[in-house]
Amino acid sequence: MFTQIKTSKENKEVVSLLTRKLGLGTENVIARMAYTYSLSKDRKLDLNSIKDSSGKEYSKSVLFGEYHDIYLGLVCVHYGLYKTDKDIGRYIKMHVDDGLQLLNEEVNSRSNIDGFDFITEKINTGINLITF
């Protein structure tokens, strides 16, 4: 069962930078965003490509708060896993690391974006993708 993860060494600094630049709350908020952003790309990550675990450590309760079952369910549905699968923590770690890299690239490519504008843009993009 998943109890904690550690980001890669490289992403320890990335999460701090994104937290300061976006101003959306604490580092765990950025890590949650990274996790869901990575999953939203609808890609399956390969466990053989997992990065080191020398970075920021998050317990399940710090990373996902009171909604840990929902966040856990996202990765279970994405990979077709049961909630007690031994690899869930590794998949979560990979998607946090992947999402941090994706967010960092996107935020750095735009010079004057703040967290509110960034989130609003992502919400609008998602709404526009919904087809009725």
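Predicted model only: the values in this text are computed from it and were never measured. FYI, side chains are in, hydrogens and waters are out, and symmetry mates aren't considered; it's all heavy atoms of this structure.
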S16 vs T19, test: side chain to side chain contact (heavy atoms under 4.5 Å, CB included). Steps then yes/no.
CA-CA 5 Å; S16 296; T19 300; 5.7 Å; no
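- Judged by distance alone, the side chain of K6 and the main-chain N or O of Y58 form no donor-acceptor pair under 3.5 Å.
- In plain terms, the two heavy atoms of G89 and I5 that are nearest each other are O-CG2, 3.5 Å.
- With K21 contributing its side chain and G115 its backbone, the two residues share no donor-acceptor pair below 3.5 Å.
- Residues satisfying the ring pair (Phe, Tyr, Trp, His ring centres under 6.0 Å) test with Y71, not counting sequence neighbours, are F64.
- Scanning both residues, K93 and T7, for their nearest heavy atoms gives NZ-C, 3.7 Å.
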Requested in this report: With salt bridge (Lys or Arg N to Asp or Glu O under 4.0 Å) as the test, would you mind laying out the steps for D69 and K83 before giving the verdict?
Outcome: CA-CA 9 Å; D69 288 337; K83 66 182 180 180; over 6 Å; no
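- Between the side chain of D98 and the backbone N or O of M94 there is no donor-acceptor pair closer than 3.5 Å.
- Environment of NZ in K122: crowded, with over 12 heavy atoms of neighbouring residues, nucleotides or ligands closer than 6.0 Å.
- Both I70 and L72 belong to a common hydrophobic cluster when Ile, Leu, Val, Met, Phe, Trp and Tyr are linked at side-chain heavy-atom distances under 4.5 angstrom.
- Checked against ring pair (Phe, Tyr, Trp, His ring centres under 6.0 Å), Y79 has the following partners two or more places apart in sequence or in another chain: Y91, H95.
- Under the 4.5 Å side-chain heavy-atom criterion for Ile, Leu, Val, Met, Phe, Trp and Tyr, L103 and F116 are members of distinct hydrophobic clusters.
- At a cut-off of 3.5 Å, with distance as the only test, a side-chain donor of S8 or N11 sits close to an acceptor on the other residue.
- Linking Ile, Leu, Val, Met, Phe, Trp and Tyr whenever their side-chain heavy atoms come within less than 4.5 Å puts I123 and I113 in one cluster.
- Not a single donor-acceptor pair under 3.5 Å links the side chain of T120 to the backbone N or O of D117.
- Between the side chain of R32 and the main chain of L63, a donor-acceptor pair closer than 3.5 Å is present.
- Remark: side-chain polar atoms of N104 are not paired, donor with acceptor, to backbone N or O of L18 under 3.5 angstrom.
- For the ring pair (Phe, Tyr, Trp, His ring centres under 6.0 Å) test, no residue two or more places apart in sequence or in another chain qualifies with H68.
- For the pair V75 and F2, the minimum side-chain heavy-atom distance is 4.5 Å or more.
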